[in-house]
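Below you'll find the structure, written out as structure tokens, and then a few comments.
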Amino acid sequence: MQLKYKIMVDPLIIRQDFPIFRHHPNLAYLDNAATMQKPETVIQGVANFYRKENANIHRGVYQLAIEATEKYERVRHRAASLIGAPSTKNIVYTSGTTAGINLVVQSFLEKRLSKDDEVLITAMEHHANLIPWQMVCKKTGAQLVVIPMNERGELDMDAFKERLSGRTKMVAAVHISNTLGSINPVEDIVDLAHKRGVPVLIDGAQSVAHYPIDVKEMDCDFFVFSGHKVFGPTGVGILYGKEEHLSSMAPVFFGGDMIREVSFEDTIFAEHPQKFEAGTTNIAGIIGLGYAMMFLQQYNKKQIVKYLDELGGYARQELKSVKSLKIVGKAKRKSPIISFHFKNIHPHDVATFLGAENIAIRAGHHCTQPLMDIFDIPGTSRASFTFYNTFEEVDRMVKVLKEMKKFLS
Amino acid sequence: MQLKYKIMVDPLIIRQDFPIFRHHPNLAYLDNAATMQKPETVIQGVANFYRKENANIHRGVYQLAIEATEKYERVRHRAASLIGAPSTKNIVYTSGTTAGINLVVQSFLEKRLSKDDEVLITAMEHHANLIPWQMVCKKTGAQLVVIPMNERGELDMDAFKERLSGRTKMVAAVHISNTLGSINPVEDIVDLAHKRGVPVLIDGAQSVAHYPIDVKEMDCDFFVFSGHKVFGPTGVGILYGKEEHLSSMAPVFFGGDMIREVSFEDTIFAEHPQKFEAGTTNIAGIIGLGYAMMFLQQYNKKQIVKYLDELGGYARQELKSVKSLKIVGKAKRKSPIISFHFKNIHPHDVATFLGAENIAIRAGHHCTQPLMDIFDIPGTSRASFTFYNTFEEVDRMVKVLKEMKKFLS
Amino acid sequence: MNDKLKQLYKDVILKHNNDPFHYDKKENATHVLEAYNPLCGDKFKVFIEVENDAIQSIHFHGYGCAISKASTSVMVQALENQSIEDAKELCKNFLFALHHESEGHPSREDFEAFAAAREFPGRLKCASLSWDEMSRFLEG
Amino acid sequence: MNDKLKQLYKDVILKHNNDPFHYDKKENATHVLEAYNPLCGDKFKVFIEVENDAIQSIHFHGYGCAISKASTSVMVQALENQSIEDAKELCKNFLFALHHESEGHPSREDFEAFAAAREFPGRLKCASLSWDEMSRFLEG
Ligand SMILES: Cc1ncc(COP(=O)(O)O)c(C=O)c1O
Ligand SMILES: Cc1ncc(COP(=O)(O)O)c(C=O)c1O
């Protein structure tokens, strides 16, 4: 097919930054919602840190340690600027989205939650934004309340309004569903919750790489994402929190580098964000994340979104031509994450047929098992795109699906 | 000076594996207790994973994901073999020593601890193996009991025996003090504690890189260490636990990849070790740790220890020739970690003088503030060696210290 | 289409997937096994009537991919009317055929069909899922 | 020895380190500040008598490296008998001299001595520790 428009986000040029495609020239990597491939600058950034700049941070007096500390702390600025946080004091380094959410649950929510209180989540949460809340509810006797969605995978905002009440102590919602691709109206969610004085955590794991984020405008209380889903290394992530919250939260992990004074009897902690960063953190990973955010900031997010809307739209349209394939998740506002299933072909078989042709998609429940139960399917095949993906890759996928369908019928 | 013996652990050859010394040919890196430099195989291992093999693990059907999963899981075998664990089921991936200890505190100890119970630690614990126990004691009303040491920095084993009692619910001890270099008699500690039925956690952050470890022989209940202190990447670590403990422990962080079944109402967790590894872990870091352990396993630990004993002995002897320098920590069994101080020169000034000559040491309390209080000093200068360090680097350090002393007098 | 794929999804597997043997729930069976792979969600129940140290009847029901479903179907077909001892032997044979190149090792055609899964390491677990569970049950 | 080092540890700093000005505890002072750097453990108490909008007397005590101790000593010496407004100005001058190349900017010799710390970014905080705390106090 022919590109119908002129873009500056040119996947064929962008791909050249990603060594994986040099080593696997035939690879159609359509599993970006699981983890993204890494540009050379990130890989080099991590490797060069170890090769030329490696030292532990914060306490060193010698040159390497000072430079490592500065570089490490500069990433906080970049993270703040990427998501529109007012200050580096809002930026807590974590090991990923999951860790960020667990920290908020344990350190922020647990002590405010009692029996008969409620925590609201959506029906399309990833296990990372479901189980921690479920467990703290079990522990405290609170109720986990699920905001339903319609059959297109759009959140039922009327139901949300109804379920918000004086008992609600927290709202946690995914920005973009990693299974359905639905983009949730997080601004409205925050607005409504705040009218009731309820704090909101937004799970931005799937949104930061592609969509403009401004946490100040969104006004959420917490925002979390993972490095490895924004072209960065594994084992790092960012928790944004409002300062009024972070300053009042007690740390839940303890160790070096988060203290002000320690005796055998007692400990006085450092200020936020340091008090949440016990022990030696993933220094090289954070520095790599800095390079990943730098990579991202080269591009105009509007252009990225435009390209991905076209690419996702094309993929959805082409998939419709595959007999008996059903797309799961048809929200009006959606990202290029596409789940589909066949009545009589298991997602794993689908993934095997695609995998045999070097097309990488994911099959299963995508860590959203309850969502699968709602749709009454055991899993889906999921193709998820980013801006190094091409229309041609869509064509390849669709071709194999058609062949498979024929072969298995 | 001349080497007096023939070694196969030849630092001049080993250094060639470490690119940092190519980029900083004049660097005397004597801050190995803080973090170690990385061999090229580790750096390449991480970079090549991102370049050629990157995929998320456990759920993928396509080739990259399968290979990544296998490589990732093979590191568990290597970790088990490195420390003598009976099975990969004993090996939990963590983000570091600090995370491992916090996990044991929250998941193993907290529910067994009540008012008037006691937790025993030593006077020379790193904050990572002190504050978590202190905090759980505060929370539960239990007592934190500190095993004292003599002025040489040797644990008072008689006091330990006395303080072990029916009330003791846990013993946590550092294997090698990161400040004093003392090697604690962990076998005896475990023996004595077990006679009372008390479980023991050993903090192996400073021991795994140099000393032979056999957790089965040592019979400790838990053993923790960090990747970055065994020539590996930052942001990874290993928690070893006995299976009887791991299987009975409830996870404390929740998310993807650690579940068996999830509904909005409840969650059934996977088995250990997976149930402790919520979310996307530091995949590349763990693979890098595999290469680091591979690097380590090339060498005979006996030869490493022999070399380091000579090197450390030489350093201690030469430091004595610096006027008014006092070595802190003179245990009989000790590793090449040497703390020293001058009555009238602050450790930071010492580190600055050394740093100006490209000699990297650490100055401060080394995350052992209460230990500093015991010795009634605000901090020390610490030189810590590994087997890429040389006798010549000791000479350089001592020369600068003498010049400094003269200049400042 | 890829030849190895065709090899894997050839007659035996497709036939059993489309038309599984004894595909039925028998909740009152003397033994009910659950073969479950949490990573992919495949879950089969296997209903066994054991009498006089033999498997008198065996059925299965559940959900899984073509490979796991066919492999369970082949298992049910193979084990019906077998003594416990023979059933153990058959399990061993199947799992051996699955994991090893069978040079000269005589094996059954319906077992060998799954050997093609060796080319798809991500799918080996699908082929062995129910057999592993059955082995555990038989070996007690 | 390294010239930059000699520059840093030259007379002013060594003199004040060895013979600090008004080094004494005055726990009954009208104001007691604590300048603490948790990363290195340096900790000074600064005792100030404020009367009629002026610093009537000022002393310090505590523990720190040569740089932080000398810088505190220089501060105490500079601020004694200054009005609050003049003290603010002096703090600004010192911190400016510390952080910026002072082209033509007139500054005091005892302040300029610390400018050498710019060559040792790890030590800048030592030089500014007490001054930062004092600034916070004066600016309210
Ligand atoms: C003895 C000891 N325990 C614990 C730690 C903490 O290790 P990490 O910061 O890698 O979690 C360290 C390292 O600083 C250490 O030396
Ligand atoms: C929406 C969403 N939330 C949370 C997560 C968990 O992220 P991580 O595994 O990086 O902690 C993911 C990724 O799997 C996700 O897609």
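First the proteins, then the strands, lettered A, B, ... as listed; each starts at 1. As the structure is a prediction and not an experimental result, all values here were calculated from the model.
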Under a 4.5 Å cut-off applied to non-hydrogen side-chain atoms, are A:His228 and B:Ile283 in contact?
-> no
Heavy-atom distances under 4.5 Å only: say whether B:Ile361 touches chain A with side chain, backbone, both or neither.
-> backbone
Looking at A:Thr35, A:Ile131, A:Val46, which one has more heavy-atom pairs under 4.5 Å with chain B than the rest?
-> A:Ile131
For chain B, which of A:Asn282, A:Ile259, A:Leu27, A:Asp373 has the most heavy-atom pairs under 4.5 Å?
-> A:Asn282
Using non-hydrogen atoms and a 4.5 Å limit, figure out which bit of B:Ile57 sits close to chain A: side chain, backbone, both or neither.
-> backbone
B:Gln106, part contacting chain A, at a heavy-atom distance under 4.5 Å | side chain
Options A:Pro132, A:Cys367, A:Ala351, ranked by heavy-atom pairs under 4.5 Å with chain B, top entry = A:Pro132
Relative to chain A, which segment of B:His365 carries a heavy atom at a distance below 4.5 Å: side chain, backbone, both, or neither?
-> side chain
Side-chain contact, heavy-atom cut-off 4.5 Å: A:Ile43 with B:Asn48?
-> no
Is the ring centre of A:Phe253 less than 6.0 Å from the ring centre of B:Phe253?
-> yes
B:Asn129 portion near chain A, given a 4.5 angstrom heavy-atom threshold = neither
Would you check, one step at a time, whether the test side chain to side chain contact (heavy atoms under 4.5 Å, CB included) holds for B:Val145 with A:Phe264?
-> CA-CA 9 Å; B:Val145 177; A:Phe264 287 124; over 6 Å; no
Heavy-atom side-chain proximity of B:Tyr62 to A:Arg362 below 4.5 angstrom = yes
Report the C-alpha distance between B:Gln369 and A:Ser263 in whole Å, list the side-chain angles of each, state the deciding distance to 0.1 Å, and finish with yes or no for side chain to side chain donor-acceptor pair (under 3.5 Å).
-> CA-CA 7 Å; B:Gln369 204 167 296; A:Ser263 69; over 6 Å; no
Determine whether A:Pro233 and B:Tyr50 make a side-chain contact, defined as any pair of heavy atoms from C-beta on separated by less than 4.5 Å.
-> yes
Which answer fits B:Leu144, side chain, backbone, both or neither, if we ask what part of it has an atom under 4.5 Å from a heavy atom of chain A?
-> side chain
Taking the side chain as every heavy atom from C-beta outward, state whether A:Leu130 and B:Val262 have any pair of such atoms under 4.5 Å apart.
-> yes
Quick one: what part of B:His24 sits under 4.5 Å from any heavy atom of chain A, side chain, backbone, both or neither?
-> side chain
Can you spot which of B:Glu40, B:His23, B:Gln37 makes a side-chain hydrogen bond (donor to acceptor under 3.5 Å, both in side chains) with A:Arg51?
-> B:Glu40
